[in-house]
Novice: 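To start, I am sharing the structure in question, which I have written as structure tokens.
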Amino acid sequence: MKTVSFTLLWLFMSILTSNLARAENRAPEYTRLMQNAETTPLCKIEGGTRKQILASYLLNLRKDYNLSIGYPGPPMNLAYVQREGALAFASPQNVSRIIDEISHFNINNAGDPFDTSGNFTSHSKYFEQSILRYAAELYHLGQGTYWGYVLSGSTEGILFGLFQGRELLKKRYPGEANNIRVMSSSDSHYAIRKSAHILGVEFSGVKSQKNGEIDYADVEHQLSELKERGALGPVIMNANIGTTMKGAIDSAQKLAQILGKYLPNDKYYIHADGAYYGAWLPLISPEKYGHVFKYAQSMNISGHKTFGTAAITGILLTTKSSHDELMRDGRANAHVQYIGSRDTTMMSSRDGRNAVLLWESIRLHGADGFKKIALNALADAAWLKKQLLQFVPSEHVTLNDDSIIVHIQYPDLKQIKNQNKRTKLQAEQKLIARKYQLAESDEAMHIMCRAMVTRKTLNQFLHDYRSFMDDYKSSQPLGQKATPIALQLPQPGP
Ligand SMILES: Cc1ncc(COP(=O)(O)O)c(C=O)c1O
């Protein structure tokens, strides 16, 4: 068996090396093409050859990456990106090349990541198992106490977590199957409400505190009110481990304590949305954040955020006991002959390249590397907040503990009586948001101090935002003279 595997590996490496040699021969043409590529807008896909269009697209992607400090946008710490040089390849050249070549293969991880018994061997389930072991260790889940799989993104993990919750609660309380509800704060990602809708489960929005953390008093208020009316059924609670806009962290422990006052332990289920910080917080403070699975049963973590994979992906992690309980019903545990594996995941075919990318990122940085990246990002966020406070009112800047998201409330432009000035300020605000690809909500935006966001870019943003704020202040009746705003469209990078 060992000899067969070795021969296959040797064959694979030979093919790979010859492909690499061919890729090297293409280099001069590639260089010429990239030098001549136009900087067309990302969406322009006409008026050129296939190669020219793709080269222009690549050039524009590079250019836009350099200035992006918001989300949606480039990942937190793209595995190959050096901290002080966006898009400089930090990984040894040959590793980047091998990853590049692997990405040309169609790798299908259909079925259970731990079931490799089928005939189909071109999967990457061993990478997947290794990733899950890494994530489980962060949360003190030992061998045999966890299950999970690599996702197509956090939304799939949320959908899976809520689905598992619904199924378990339905099995335990069949008479109340129609009275299961999902509860989550108003600062939660829209995927929570969407998943509840897909699953046909009622959704109860809970108020948030000003910092974006769930309002525990409102959770209690809603539960007690439902109980009083005799309408309290099983509850699936979502705990955010980093909210989308403010990076706020809900305490799964506090939520479990509140739920426990109104419901028996087996009548509620906690899913943790760890899209942002699920893989970071236990590294920063294992005692404070490493015990989520004492209270929660499942968690999703984004691959393209924390681990910085170029592909959109993620990890679903759940306790083995919850998984086994779900699988006790024969249908969910069915062995599918066609794929030679148990059907335990949400999707059928799954892109096995994601597991390779995630694994490579974990192997490249390791827990210590990720911790360093996290601490640097936290320092950048604290620095950015300090700079902002020189010209933005403190009540308009939010930075939560252990968070790298700086949330900035825009000034209230409706206060500007002069219509022309108001329109000009609105345009400036929009330009800044576009230039830095900022995510916005309710007259606010956020900056994510990811690893690849440099102080240089932050300084550039600060300069632009200060000019805008100066303009705003001078547009008020008692304002001072404005510094002229100097917004320029970004120039193409190398
Ligand atoms: C907190 C949170 N949860 C879930 C998601 C959804 O992740 P994805 O877009 O990868 O499905 C996001 C995306 O930004 C998020 O911020």
Side-chain angles (χ1 to χ4, degrees), residues 109-117 125 128-129 131-133 135-136 139 141-184 191-192 194-202 233-239 252 256 259 263-274 278 292-301 314-336 339 341-350:
N109 281 5
D112 192 283
F114 295 95
D115 186 350
T116 54
S117 60
K125 290 186 180 180
E128 199 170 6
Q129 291 170 17
I131 293 158
L132 291 165
R133 194 161 52 243
Y139 286 98
L141 294 172
Q143 188 68 22
T145 67
Y146 64 89
W147 182 84
Y149 70 96
V150 169
L151 304 161
S152 62
S154 264
T155 299
E156 185 191 338
I158 289 168
L159 185 60
F160 189 95
L162 302 194
F163 162 73
Q164 180 166 278
R166 186 195 70 176
E167 292 303 292
L168 299 193
L169 295 171
K170 244 166 71 177
K171 276 185 199 193
R172 296 173 194 161
Y173 292 90
E176 296 184 65
N178 293 329
N179 196 21
I180 300 173
R181 74 184 59 238
V182 170
M183 295 180 83
S184 194
I192 309 288
K194 175 165 65 179
S195 299
H197 181 67
I198 293 170
L199 295 169
V201 177
E202 190 167 334
V235 170
I236 304 167
M237 176 65 72
N238 173 61
L259 286 158
L263 293 163
N265 280 353
D266 70 346
K267 212 171 176 179
Y268 63 87
Y269 178 101
I270 299 182
H271 174 80
D273 177 2
V292 173
F293 281 88
K294 270 192 189 167
Y295 316 101
Q297 286 72 51
S298 51
M299 179 188 286
N300 61 282
I301 302 169
I315 302 171
L316 180 274
L317 189 63
T318 180
T319 57
K320 184 75 164 52
S321 54
S322 303
H323 176 66
D324 288 348
E325 192 179 342
L326 178 72
M327 292 299 139
R328 230 166 269 150
D329 129 25
R331 192 215 58 79
N333 199 14
H335 179 91
V336 180
I339 56 168
S341 179
R342 290 187 303 129
D343 175 25
T344 49
T345 58
M346 184 68 73
M347 299 299 153
S348 302
S349 289
R350 296 186 298 116

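All residue numbers refer to positions in the sequence shown, counting from 1.
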Novice: Do N109 and T345 come within less than 4.5 Å of each other through their side chains, counting heavy atoms only?
Specialist: no

Novice: Checking side chain to side chain contact (heavy atoms under 4.5 Å, CB included) for the pair V235/L169: CA distance, chi angles, key distance, verdict?
Specialist: CA-CA 8 Å; V235 170; L169 295 171; over 6 Å; no

Novice: Taking all atoms of both residues into account, what is the closest heavy-atom pair of S298 and Y269, and its distance?
Specialist: OG-OH, 2.6 Å

Novice: Can you check side chain to side chain contact (heavy atoms under 4.5 Å, CB included) on D115 and H335, steps first, answer last?
Specialist: CA-CA 10 Å; D115 186 350; H335 179 91; 4.1 Å; yes

Novice: Tell me whether R350 contacts the main-chain N or O of G111 through its side chain, where contact means a donor paired with an acceptor under 3.5 Å.
Specialist: yes

Novice: Could I get the full list of side-chain contact (heavy atoms from CB on, under 4.5 Å) partners for I339, not counting sequence neighbours?
Specialist: A110, V336, S341

Novice: Roughly how far, to the nearest 0.5 Å, is NE2 of H271 from CE of M237?
Specialist: 13.0 Å

Novice: Run the side chain to side chain contact (heavy atoms under 4.5 Å, CB included) test on L199 and V182 for me, step by step, so that the C-alpha distance in whole Å, both residues' side-chain angles and the decisive distance to 0.1 Å come before the verdict.
Specialist: CA-CA 10 Å; L199 295 169; V182 170; over 6 Å; no

Novice: Identify the heavy atoms of S184 and N238 that sit nearest to each other, and give their distance.
Specialist: OG-ND2, 3.0 Å

Novice: Under the side chain to side chain contact (heavy atoms under 4.5 Å, CB included) criterion, do D273 and I192 qualify, and how do the steps go?
Specialist: CA-CA 9 Å; D273 177 2; I192 309 288; 4.2 Å; yes

Novice: Could you measure the distance from the CD1 atom of I236 to the CD atom of Q164? Nearest 0.5 Å is fine.
Specialist: 10.0 Å

Novice: The criterion is ring pair (Phe, Tyr, Trp, His ring centres under 6.0 Å); which residues satisfy it with Y149, sequence neighbours excluded?
Specialist: W147, F160

Novice: Carefully, step by step, assess E167 and K170 under the rule salt bridge (Lys or Arg N to Asp or Glu O under 4.0 Å).
Specialist: CA-CA 5 Å; E167 292 303 292; K170 244 166 71 177; 3.4 Å; yes

Novice: If you measure from NZ on K171 to CG on L168, what distance do you get to the nearest 0.5 Å?
Specialist: 6.5 Å

Novice: To the nearest 0.5 Å, how far apart are CE in M183 and OH in Y268?
Specialist: 13.5 Å

Novice: Write down the atom of I301, the atom of S154, and the distance for their closest heavy-atom approach.
Specialist: C-OG, 3.8 Å

Novice: For E176, check side-chain contact (heavy atoms from CB on, under 4.5 Å) against everything at least two apart and list the hits.
Specialist: Y173, P234, K267

Novice: For F114, run the side-chain contact (heavy atoms from CB on, under 4.5 Å) check against Q129, E128, R342 and tell me which one passes.
Specialist: Q129

Novice: Using the test salt bridge (Lys or Arg N to Asp or Glu O under 4.0 Å), find all partners of K294 that sit at least two apart in sequence or belong to another chain.
Specialist: none

Novice: What's the separation between atom CD in Q297 and atom CD1 in I270, rounded to the nearest 0.5 Å?
Specialist: 6.5 Å

Novice: How many angstroms lie between CG in L151 and CG in L317, if you round to the nearest 0.5 Å?
Specialist: 10.0 Å

Novice: Going by salt bridge (Lys or Arg N to Asp or Glu O under 4.0 Å), name the residues that satisfy it together with E156, two or more places apart in sequence or in a different chain.
Specialist: none

Novice: Looking only at heavy atoms, which two atoms of A296 and T319 are closest? And how far apart?
Specialist: O-CG2, 4.3 Å

Novice: In chain order, what residues pass the salt bridge (Lys or Arg N to Asp or Glu O under 4.0 Å) check against R133, with sequence neighbours excluded?
Specialist: none

Novice: Quick check: closest heavy atoms across L162 and A196, and the distance to 0.1 Å?
Specialist: CD1-N, 4.2 Å

Novice: Do V150 and P113 touch side chain to side chain, with heavy atoms closer than 4.5 Å?
Specialist: no

Novice: What are the two closest non-hydrogen atoms of G148 and L132, and how far apart are they?
Specialist: O-CD1, 3.3 Å

